[in-house]
Amino acid sequence: MNSFKLKFVFLIIIIGQFCSAQESVGEIVKYQKTNHGLEGNTAKHFFKVSVYNPNTIRIQISKNKNIEDFSFALVDEKIPDFPDFKISDNGNSISVSTKEITAVIQKSPYFKITYKNAKGEVINEDLDGKALGTTFQGDKVTVYKRHFGERFVGMGESLGNLDRNKTIVTTWNTDFYKYDDPRIPMYISVPFYIGILKDKVYGIYYDNSFKGTFNFGASNKRFMSVSFDGGDMDYFFIHDDSVGKVIENYTAITGRMPLPPKWSIGYQQSRCSYYNEDQVNFIAKTFREKKIPLDGIVLDADYLVEYEPFRIDTKKFPDMKKMASQLKQKGIELTASVNPGIKIDPTYDAYNDGIKKDIFLKYQDGEKYITDIYPNTNYFPDFTYPKARTWWADQMKIYQDMGINGYWNDMNEPAIDGQMMPDNVVFDYDGRKSNTAESHNLYGFLMARSSYESFKKYGGNRRPFVMTRSAFAGVQRYATVWSGDNQAKDEHILLGVLLNNQMSLSGIPFVGPDLGGYIGDGNKDLYRRWVEVGVFSPYLRNHREQFAAANEPWSYGEENELISQSYIGFRYQMMPYLYSKFHETSQNGMPISKALCVDYPFDSNIYNVNYQHQFLFGDAFLIAPVIGKDKQKKIYFPEGQFYNIFTDEKIVGNQEKLMELDPYHLPIFAKASSIIPLQTVTQSTKEKPDDTLLLHIYNGDKPNTFSYYEDDGETLNYEKGDFYKRSIEFDPQKEIIRFSKAEGKFSSNFKKIKIILHGFNAVSADLNAKQEQCKLFDPLANLDQIFYDAEALEKLRKQNAIRDSNILFIDNKNEEMIINY
């Protein structure tokens, strides 16, 4: 090779290296004010700053002059009208300010943003310098931010500790069977985290569906960074005075969970699979005979002909509609699984209609994309295509025709052979055209949306219930999620709790693991503890894989059966409390299962690996999960006061406490000043409880208000005012309990109220009340028949005897009521 050729090759290499180097967006060349903020350009890039509300500012940086606002994840792509902000040019910087937050944008030498609170304190800042701040490298876009030593929480369904500092999280939806390794991404991507400084909090949501890498200060001492394999740098910066308020602002952008049907909050029994009608009827009959509450039975894909969506196997289920109707008479609803693969089968109606309507994914050359989802070779609907979403919604109508009101979208990462869809598959993307890299993470999300829209279209006046395995930010508008193929082992009890809490921090409150573990054979100790903590999961489903050991509540012996009956029964006693919390969540996005960082973000102890699994269930209950054969548990009590719900023992916070364990009592505590409405046990949410509401109030020195809510639990009539709502206030300074005037047209199920006061001086109006009437929950109540050591049982009962409660009875009147204690 001559010298000229060598020089030419060398030049090409140098040019290639230069072109692939990270490129800062550089300095601002010009900008102009807009109705929503400002926009402008640097030497090679374009930017837009939009003020959404006092606490939220959106930053968009793009290679394209026409920056795109369209997003499947956002509630509304239109920027809201919010005029209450100021823009000032300070020479080398531009300030965009609201009363709560200021974004200071450096003009030169590099585009850089610093965020300050109302006091002028820096809460977040880009790094300044060449190849820092926001950079582009080919299609890849990255932002580098100064690491202030903050903690990072959230990021949806990804393994790892509650505090993600010094770790890396990847957002790329993956069918991760038997998940254990935090380096491998899971089924759901939510590119949103909350930063917790010493005394301040902020949140950042990145509206980018490309594969993302979130480096929270791992392997360097200088920065944290976020990068995506394509798209714009498009994020919402949120600042408020609490973690809860940050979540509320985030869910204002990506949406909130609609109020679900009440039956979906009850206990669901599932299996891969209940193969035929006789098995399903046996499960329903056994639950009712054993008086274990049940609201739903879930059908995995074996109810279908060869797993083909919408094609019910009439050999196994000769009259699905009749079976569903008979189950409804028992207060039991069906949920049925469906995956996105449409088998290539000329005898299959969905296949033929999909071909006719031309709704399947294709390669760039127009040939249809074909691959396997076990056990079939399939085409796949393009859920980014409006016509395909309508097609799917119309196909799903069969479930309404059959009387099935629960839709389960499974295998929708999609869980294809080889786990990787080729890059050259084309997606419609609502007319813009896109590729696998941008659309992959949205696939399960948009399938869930299509299923939800089917229910809205064909379900009449009833509320939809959709469950999905794969999703993206904003899925809470359409579906509940469960945490996939977990394992029947102790570690996964704790993993399930942590995933519940991390998804709840990420705006997805209706979540839950497969109770008992999906993969592998459990044992009685594991199952008992999983049931005990599982009833405090927003979504409560028992599920087990094909050919593994049975996992129904009676599968581990008579003692565990009665423990299951007791704890699942308590779930149903909690319905007035829990349903009120679901309604509250539908209004403000607050988690139902709350990591302690929501209420105690600046307490370093709650991030300790020994305590990070503790959580709040609603506002009242502090739960400390235990595993297997634990005999002792060290529990951390944050600031405040807490009551052991089994004994009324009062515990002062800011301390660790070692507690002895027995098989029947999960460590459960009520926060001081808590208001907890309960009811009598029912066998389903459709069965009416006794007409007396049991209102437990725990004495404390802080006032508290509970927003109590009822409706019919099934229809959309609540949207037209057919609900019952009132505030219940506890004021320890005035020594009163106040019930506000009832709102809405719905009549309460409860005619009377029994107020049980815990930790108060003697104020009882009924001195003859039995001790057990004072108990919030007694898991020992039904053990006499199998507890052969009567002396040991009596000792346990004495250890868990309530001594300090008082009882008051009042009529439940709709006008304001004030009770002096």
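Ion pairing between R528 and D525 holds under the 4.0 Å rule for side-chain N and carboxylate O. E532 and R529 are joined by a salt bridge, as a carboxylate oxygen and a charged side-chain nitrogen come within less than 4.0 angstrom of each other. Using a 4.0 Å cut-off between charged nitrogen and carboxylate oxygen, D619 and K581 count as a salt-bridge pair. Salt bridge D295/R571: absent, no basic N to carboxylate O contact under 4.0 Å.
Relative orientation of the Y698 and H696 rings is parallel, given thresholds of 30° and 60° on the angle between their planes. In this structure, H583 and Y709 have parallel ring planes: the angle between them is below the 30° cut-off, well short of the 60° mark. Taking the six-membered ring for Trp and thresholds of 30 and 60 degrees, Y539 and F510 have ring planes more than 60 degrees apart, a perpendicular arrangement. Between Y187 and Y179, the ring planes are perpendicular. Angles over 60° get that label, and only those under 30° would be called parallel. Ring-plane geometry between W482 and W408 is classed as perpendicular, the angle between the planes exceeding 60 degrees on a 0 to 90 degree scale with a lower cut at 30.
Across Q400, E453, M396, a single residue satisfies side-chain contact (heavy atoms from CB on, under 4.5 Å) together with Y458, and that is Q400. The side-chain contact (heavy atoms from CB on, under 4.5 Å) test with K594 singles out one residue from N500, N501, D599, and that residue is D599.
A cation-pi geometry, defined here as NZ or CZ lying under 6.0 Å from the six-membered ring centre and within 45° of its normal, holds between K262 and Y579.
Here F472 pairs with nothing under the ring pair (Phe, Tyr, Trp, His ring centres under 6.0 Å) rule; sequence neighbours left out.
Of the inter-residue distances, the one linking I668 atom CD1 with F646 atom CZ reads 4.0 Å to the nearest 0.5 angstrom.
Between the K456 side chain and the S451 main chain, no donor and acceptor come within less than 3.5 Å of each other.
Ring centroid separation for the pair F746 and F723 does not come in under the 6.0 Å cut-off.
Applying the salt bridge (Lys or Arg N to Asp or Glu O under 4.0 Å) test to every pair with at least one member in residues 279-289, sequence neighbours left out, gives these pairs: K285-E289.
Side chains of Q269 and Y274: a donor on one and an acceptor on the other come within 3.5 Å. Using a 3.5 Å distance cut-off with no hydrogens or angles, the side chains of E545 and Y177 do pair a donor with an acceptor.
Under the 4.5 Å side-chain criterion, counting only non-hydrogen atoms from C-beta, M323 is in contact with V280.
For K524, the NZ atom is loosely surrounded, since the number of other residues' heavy atoms within 6.0 Å does not exceed 12.
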